[in-house]
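Data block below; observations after.
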Protein chains: 2
Amino acid sequence: MADAKPETKPKKTHQERMARKKQVIDERIAKATEERGVLILLKGNGKGKSSSAFGTMARCVGHGQKAAVIQFIKGRTETGEFKLFKDHPQIDWHVMGHGFTWETQDKTQDIAAAEKAWAQAEQLLQDDSLDMLVFDEMAYMFKYRYLELEPVLKALQNRPKNQHVIITGRVMPEGLLEIADTISDIRDERHAFRLGVKAQAGIEF
Amino acid sequence: MADAKPETKPKKTHQERMARKKQVIDERIAKATEERGVLILLKGNGKGKSSSAFGTMARCVGHGQKAAVIQFIKGRTETGEFKLFKDHPQIDWHVMGHGFTWETQDKTQDIAAAEKAWAQAEQLLQDDSLDMLVFDEMAYMFKYRYLELEPVLKALQNRPKNQHVIITGRVMPEGLLEIADTISDIRDERHAFRLGVKAQAGIEF
């Protein structure tokens with residue numbers, strides 16, 4: 001409008017706006033005071049779930065903490081992550097799977113592998129020397145009904161107070177979603193595979 | 001319905017269903033034959049973008065490949081990822097940022113830092129001895145208009161054919177989305193911070 005009053009408030013400088021933003025953020029940070037182990041779920045159909053778990057583990061190990069990994073599906077030891085981390089003194093890595101269901105084609109074997117992996121996981125969940133556990137692709141165990149959810153929830157809730165747990169897998173059961181502290185849903189908006197690019201060492205495994 | 005015909009087709013066994021699934025998957029895999037460097041964008045407001053980039057880098061390094069990282073915003077060297085990876089012989093790590101805009105509160109300094117980081121990035125994009133580049137939090141440079149997009153797109157498109165690039169940041173500019181091979185959108189469904197848990201070493205940094 002031509003007769004609108006001119007803006008009387010002087011325009012804030014970049015420094016003033018950023019100082020105000022810092023104040024807001026600092027107030028939020030001041031409210032978050034608790035220190036404890038968190039349960040992180042990385043779900044969805046996009047690329048980045050397991051890699052994010054291993055990247056977070058790298059972060060924790062860099063601070064001198066101890067971590068353990070259980071791979072519930074992968075049975076391969078030629079992955080880059082295994083090769084890099086297997087001999088690290090702060091990392092305890094368990095490849096417990098035998099491959100995806102369409103690779104094994106053997107439900108009895110899959111269930112036996114799931115139960116064995118869970119027995120191992122349950123021990124780790126009682127070991128307070130471990131700062132972080134990664135249960136890679138564990139979520140499939142519930143989808144396929146290879147593992148019962150209740151004992152897992154109970155063990156997660158009774159774990160050492162400062163132990164972080166990261167669970168990956170496309171679809172998470174409701175009970176896990178309920179008790180999680182952080183949930184990221186990783187959505188596939190595009191994937192090189194559909195553009196004709198094969199799975200490459202260093203990217204997909 | 002009581003008078004419905006009984007199912008005449010015999011129910012497929014688990015093994016038969018999985019064999020069929022494997023066939024479908026194998027056909028898809030057979031179509032993806034190209035081997036080349038891919039551009040991966042990790043965007044969205046959820047936790048897991050940078051950690052996924054570093055996890056993928058760990059994968060690549062585990063296979064004996066070489067990687068370089070540029071951190072466009074973070075100016076901190078006390079992160080777990082830096083501590084773990086900085087001395088690795090296959091990794092070249094550059095902390096080029098000075099913190100978020102509300103931390104520096106100095107636009108001139110931010111722009112100078114962005115330009116310096118990009119000059120470094122441009123060199124890496126011409127170095128075919130590097131298998132993977134991680135440009136951590138680079139996307140913010142376009143959002144804040146600290147870097148022009150066009151020269152970046154051009155350098156990405158002219159990079160060595162087998163070089164992978166991973167770019168992280170909440171919001172990606174349209175031009176980057178257009179040329180990317182893989183895009184994951186990481187959505188924040190829950191975050192421990194909002195439950196009162198502070199940023200913890202090994203999880204957030």
Side-chain angles (χ1 to χ4, degrees), chain A residues 14-15 18-19 21-22 25 31-36 38 42 46-48 50-56 58-63 65 79-84 101-103 105-107 131-132 164 180-193 195-198 200-203 205, chain B residues 14-15 18-19 21-22 25 31-36 38 42 46-48 51-56 58-63 65 79-85 101-103 105-107 131-132 164 180-193 195-198 200-203 205:
Chain A
H14 176 83
Q15 195 275 330
M18 291 303 122
K21 187 163 180 178
K22 184 168 178 356
I25 288 170
K31 278 183 199 160
T33 53
E34 208 182 342
E35 275 189 88
R36 62 172 171 84
V38 288
L42 301 170
K47 174 171 176 50
S50 297
S51 54
S52 173
F54 299 136
T56 307
R59 191 168 268 176
C60 131
V61 168
H63 285 294
Q65 300 171 15
T79 62
E81 56 269 32
F82 180 74
K83 287 184 183 180
L84 184 68
T101 50
W102 58 90
E103 289 161 345
Q105 303 180 17
D106 183 336
K107 202 167 175 174
D131 300 286
M132 181 179 291
H164 305 296
D181 299 295
T182 295
I183 305 170
S184 289
D185 187 40
I186 302 186
R187 301 204 189 180
D188 176 353
E189 290 199 356
R190 194 178 300 160
H191 200 295
F193 182 65
L195 305 178
V197 181
K198 64 187 283 189
Q200 299 178 97
I203 297 287
F205 60 90
Chain B
H14 176 83
Q15 195 276 331
M18 291 303 123
K21 188 164 180 179
K22 183 167 181 354
I25 289 169
K31 280 185 198 157
T33 54
E34 209 182 342
E35 277 189 87
R36 62 172 172 81
V38 289
L42 300 170
K47 173 167 178 54
S51 55
S52 173
F54 300 136
T56 308
R59 193 169 267 176
C60 133
V61 168
H63 285 294
Q65 300 172 16
T79 62
E81 55 269 34
F82 180 74
K83 288 185 184 181
L84 184 67
F85 291 128
T101 51
W102 59 90
E103 290 162 344
Q105 302 181 18
D106 183 336
K107 202 168 175 173
D131 301 286
M132 180 179 290
H164 305 296
D181 300 294
T182 294
I183 305 170
S184 289
D185 187 40
I186 302 185
R187 301 202 188 181
D188 175 352
E189 291 199 356
R190 192 176 303 160
H191 200 296
F193 182 64
L195 304 179
V197 180
K198 65 186 285 188
Q200 300 179 96
I203 297 288
F205 60 91

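Here is the naming used below: chain letters follow the sequence lines, and residue numbers restart at 1 for every chain. A quick note: this is a predicted structure, and the numbers were derived from the prediction, not measured.
Interface remark: of the candidates Ser50(A), Gly55(A), Gly196(A), Gly48(A), Gly196(A) forms the most heavy-atom pairs closer than 4.5 Å to chain B. Ranking Gly62(B), Ala58(B), Ala32(B) against chain A, the residue ahead of the rest is Ala32(B), based on heavy-atom pairs under 4.5 Å.
Remark: Gln15(B) engages Gln105(A), Thr13(B), Ala19(B) in a side chain to side chain contact (heavy atoms under 4.5 Å, CB included) (not counting sequence neighbours).
For a residue to count as touching a neighbouring chain, one of its non-hydrogen atoms must lie under 4.5 Å from one of that chain's; by this rule Leu195(B) touches chain A with backbone and side chain alike. Only the side chain of His14(A) comes within contact range of chain B, judged by heavy atoms closer than 4.5 Å. The contact between Lys107(A) and chain B is made by backbone and side chain atoms together, counting heavy-atom distances below 4.5 Å. Within the 4.5 angstrom heavy-atom criterion, atoms from both the backbone and the side chain of Asp185(A) approach chain B. Both the backbone and the side chain of Phe205(A) come within contact range of chain B, with heavy atoms under 4.5 Å apart. Contacts between Glu35(A) and chain B at a heavy-atom distance below 4.5 Å involve backbone atoms as well as side-chain atoms. The contact between Ala180(B) and chain A is made by backbone and side chain atoms together, counting heavy-atom distances below 4.5 Å.
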Exercise for the section: I would like to know whether Gln200(B) and Cys60(A) meet side-chain contact (heavy atoms from CB on, under 4.5 Å); could you show each step before the answer? Expected result: CA-CA 10 Å; Gln200(B) 300 179 96; Cys60(A) 131; over 6 Å; no
Practice task
Could you walk me through whether Thr79(A) and Arg59(B) pass the side-chain contact (heavy atoms from CB on, under 4.5 Å) test, one step at a time?
Solution key: CA-CA 7 Å; Thr79(A) 62; Arg59(B) 193 169 267 176; 5.8 Å; no
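Among Asp181(B), Ile183(B), Thr182(B), the one residue that satisfies the side-chain contact (heavy atoms from CB on, under 4.5 Å) test with Arg190(A) is Ile183(B).
The minimum heavy-atom distance between Met18(B) and Trp102(A), with the atom names listed, is O-CB, 3.5 Å.
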